[in-house]
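Read through the structure below, which is laid out as structure tokens, and then see the notes.
This chain uses plain numbering: 1 for the first residue, then up along the sequence. Side-chain atoms are counted along with the backbone in the values below, which use heavy atoms only and exclude waters and symmetry mates. Start at 1 and go down the list; that is how both ligands and their atoms are numbered.
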Amino acid sequence: MNPDIKKEREGPAFDVEAVTNLLDGGRDVTERRRQLEALVENDPEFLSQPLSFLSQSGRYDHAIKRCARMIQQIKKLGLTDPKDISLYKRAVFCGRPCPLDLHLGMFLPMLLNQATEDQLEHFFLPAWQCQIIGTYAQTEMGHGTFLRGLETTALYDPRTQEFVLNTPTVTAIKWWPGGLGKTANHAVVLAQLYTKGTCQGLNAFIVQLRDLETHAPLPGIIVGDIGPKFGFNDVDNGFLKLENVRIPRTNMLMKFAKVEEDGTYIRPPSDKLAYGTMVFIRALIVSEASYVLAKACTIAIRYSVVRRQSQQTPGAPEPQILDYQTQQHKLLPLLATTYAFHFIGNYVSKMYQNISESVDAGNYSQLNELHATSAGLKAFTTWIVVAGVETCRMACGGHGFSCASGLPELYTNSAPSCTYEGENTVMMLQTARYLMKCVGLVRNGILLEGNVMYLNPAFDNRPRLDPQSVASLVGAFCDRASWMVTHVSQGLQSQLNCGKSQKEAWNNMLVELVRASESHCHYVVVKTFAEELEGVQDSGSRAILSSLCHLYALHGITQHSGDFMQAGVLNGEELEQVSKILRTLLSSLRRQAVPLTDAFDISDVQLSSVLGRHDGNVYNALYAWARTAPLNKSQVHESYDKYMKPLQKSKL
Ligand SMILES: CC(C)(COP(=O)(O)OP(=O)(O)OC[C@H]1O[C@@H](n2cnc3c(N)ncnc32)[C@H](O)[C@@H]1OP(=O)(O)O)[C@@H](O)C(=O)NCCC(=O)NCCSC(=O)/C=C/CC(=O)O
Ligand SMILES: Cc1cc2nc3c(=O)[nH]c(=O)nc-3n(C[C@H](O)[C@H](O)[C@H](O)COP(=O)(O)OP(=O)(O)OC[C@H]3O[C@@H](n4cnc5c(N)ncnc54)[C@H](O)[C@@H]3O)c2cc1C
């Protein structure tokens, strides 16, 4: 083990294993996770060369091979608990996307959430057994955000009791669905339903795409891969053109909306129930955001204690780069954010579970709050995580730019989370829509509960900020959100008072609306972090996590100081005090940085990073990695004889 990293692990101020257990949700969960990871890491069928050495086709082939082995092993091991399956899948793919993601993550949930009992009977088992492999085909070339603008049509033919599906224009072609290109043989297709000459809006239809024996596309189905992407190249994101494809009436998912045999349309109890699976995935994205940032922080912080660079004192050893305050300022707030996002992920998962149970019981009253919260936090966490991965990459200097670091791959595979499942700006505006409605309720004398209570008429004049108190800092985030949400609603009102239409006024305030939503989400995250700590039994864990919560809050104030000062929450002198305490915290947490990343308990296989190796032996590993790169298969590349040698001989 590298002596520097070994020293970093001597005498942590807390019990690393206790924090690992806390993050996992208990000692038994840690043991189970390690057991499942060991099954994968000891399975020779899952051994592979660095993915960076493969072509797009090679990566897809590698991913499909792992998918097949994973499904076989899940059955053989008798894994039925969704948590076990999720942990096993994460171990197989090391957190990377895979061609079955949409089948497992959206197609199956769509059946569970939107299918009737008969439809479940017909489709679910074959899908669970992977005879049917599905995807979720909603986005079109011309529309991803504006769902009501989708052009794919499903016309009901009462004579044959079938739907006829078409993508009538080039912009209607389904574009992006994961697994659509080469993997899926079915899709849930979102289309505008027409019956009895009337458009009844978006509904979901199960369409078979390929022959179950030959896998060849069926008549009327033109399908393929959309080509290389910025990343995510293990997945065959595809296109789908539909030309008069006929499906039985019973292929429309009819748990909520229905089309009777004669074509009569029965409306769903709420139009938004069709969007339920997207809300499920958004909540899942929030709960998984922390894992991505945990990997990036582990790589960058471990590298930052083995990398020595520059000379502050002549003759003295070069310092570890984590001793530089700027390096601490880049990485330690991200480490604190990782822990903050772990707790908000738990919070959103619980919220989704509770409100879904209410919806199943026919109570739709909290759907809007769930939508606004999941949409806003999905945008808030993914924006910060993706930017954080890039900060970690740059903090590793040149070697951060090498695929050996694992950081470029982590970045390109996480970057689309700001776009898919709801483009982040659009999601923040959905949260803003909800917040503006809440302001309206308060104006009508209604008292609010939950995360928006801060909009109620102010009862107490909060004492001035105490930057040493986490509770006082949470209050500061609350006051910032209250001021920003109220301020933007006043801005909207003044636009309307000047005669602007609702649409114009809204568009003229979009930037402020997004900022107000961000401040609301930031408050929810810091409040949840502080509240979760109260439940931590182990005193050592509670102490170190409190320091991280303190750092997260202080850093948030310095990063958005304009908001806090505009809101009158603090003045210049108080801001200076906040910065001073932040610097002190950076210095005190520096010694705990490696143990805090070890607590994530991410194995070298999962991390897939030469720079983030647990033993810190980076340089030999980096040299060995480069030596196996494909370009080094021969000392003289074939292009030399083909192009350079003739050029050199030509005596230009
Ligand atoms: C942007 C959206 C939400 C706009 O939809 P629209 O119907 O036009 O809504 P309005 O803004 O007019 O609001 C109407 C009303 O409905 C409420 N609402 C909207 N969405 C939901 C929802 N999901 N759940 C509950 N309630 C909802 C909204 O709050 C309003 O309520 P009021 O009381 O204020 O009237 C919509 O177009 C949208 O969601 N667009 C994003 C599309 C999207 O997410 N696509 C994802 C495709 S799948 C994918 O990307 C897969 C990726 C692969 C992977 O994950 O690996
Ligand atoms: C890797 C990846 C995987 C995907 N997988 C799937 C899948 O499996 N199934 C599927 O159906 N889709 C999938 N998608 C598509 C994805 O859901 C859409 O790309 C996403 O919903 C954004 O829509 P869009 O691409 O049309 O962007 P646009 O909506 O065109 O966004 C472009 C810009 O316009 C802005 N904008 C748009 N509307 C508004 C508004 N109302 N107010 C303010 N600004 C606005 C946005 O903020 C953004 O800056 C995937 C996408 C990616 C990148």
Side-chain angles (χ1 to χ4, degrees), residues 96-107 109-110 113 134-150 152 171 174-181 183-184 187-190 201-202 204 226 229-240 270-285 288 352 355-356 359 364-376 378-379 382-383 412-438 440-441 502-503 506-507 509-511 513-514:
R96 289 188 304 272
C98 91
L100 285 187
D101 277 343
L102 269 295
H103 175 66
L104 299 169
M106 292 195 88
F107 186 81
M110 273 300 276
N113 295 334
T135 184
Y136 181 82
Q138 173 178 286
T139 301
E140 298 170 356
M141 204 191 291
H143 291 95
T145 288
F146 185 48
L147 296 186
R148 287 181 287 149
L150 292 177
T152 301
T171 49
K174 293 298 180 185
W175 202 269
W176 277 112
L180 176 61
T183 311
V188 165
V189 174
L190 278 291
L202 272 189
I226 63 171
K229 306 174 286 283
F230 178 52
F232 234 74
N233 282 307
D234 299 357
V235 177
D236 50 318
N237 297 88
F239 64 81
L240 170 65
S270 159
D271 286 348
K272 301 310 166 194
L273 286 167
Y275 294 167
T277 302
M278 286 184 285
V279 174
F280 163 68
I281 294 287
R282 289 168 193 156
L284 197 62
I285 289 171
E288 290 180 346
Y352 178 82
I355 296 178
S356 296
V359 167
Y364 307 117
S365 62
Q366 291 180 289
L367 254 184
N368 260 1
E369 183 193 3
L370 175 61
H371 165 53
T373 305
S374 56
K378 179 265 181 189
T382 53
W383 260 333
T412 55
N413 280 336
S414 55
S417 62
C418 296
T419 304
Y420 62 50
E421 297 299 356
E423 197 280 330
N424 278 2
T425 302
V426 173
M427 291 297 102
M428 278 294 182
L429 290 170
Q430 285 294 302
T431 304
R433 185 187 172 110
Y434 170 73
L435 293 171
M436 292 306 105
K437 277 182 173 295
C438 292
L441 292 173
Q502 178 66 36
K503 216 175 201 41
W506 184 260
N507 196 53
M509 297 304 293
L510 285 185
V511 172
L513 284 162
V514 170

Q: Decide whether the shortest distance between a heavy atom of G178 and an atom of ligand 1 is less than 4.0 Å.
A: no
Q. Against heavy atoms of G144, which atoms of ligand 2 measure under 4.0 Å?
A. 21 (O), 23 (O), 24 (P), 26 (O)
Q: Give the atoms of ligand 1, by number and element, whose distance to some non-hydrogen atom of Y420 is under 4.0 Å.
A: 50 (O), 52 (C), 55 (O)
Q: Using distance alone, decide if ligand 1 has a nitrogen or oxygen within less than 3.5 Å of any nitrogen or oxygen in D101.
A: no
Q | Selection from R148, H143, R282 by shortest heavy-atom distance to atom 6 (P) of ligand 1 | A | R148
Q. Does an N or O anywhere in T139 fall below 3.5 Å from an N or O of ligand 1?
A. no
Q | Proximal candidate to atom 53 (C) of ligand 2 [heavy atom criterion; set Y136, W176, F230, F107] | A | W176
Q: Anything under 30° is parallel, anything over 60° is perpendicular, the rest tilted; go ahead and classify W175 against F239.
A: parallel
Q. Which option out of Y364, F146, Y275 puts a heavy atom nearest to atom 5 (O) of ligand 1?
A. Y275
Q) Quick check: does T139 get an N/O under 3.5 Å from an N/O on ligand 2? A) yes
(Q) Under 4.0 Å from a heavy atom of T145: which atoms of ligand 2 are those, numbered in the order shown and with their elements? (A) 22 (C), 23 (O), 26 (O), 28 (P), 29 (O), 38 (N)
**Q.** Interfacing atoms of ligand 2 (cut-off 4.0 Å, heavy-atom, Q138)
**A.** 11 (O)
Q) Are any of the N or O atoms of E423 closer than 3.5 Å to those of ligand 2? A) yes
Q) Heavy atom under 4.0 Å from ligand 1: found in L102's side chain, backbone, both, or neither? A) side chain
Q) Based purely on interatomic distance, does G178 place a nitrogen or oxygen under 3.5 Å from a nitrogen or oxygen of ligand 2? A) yes
Q. What atoms in ligand 1 come closer than 4.0 Å to a heavy atom of V426?
A. 1 (C)
Q) L102 heavy atoms, cut-off 4.0 Å: which ligand 2 atoms fall inside? A) 8 (O)
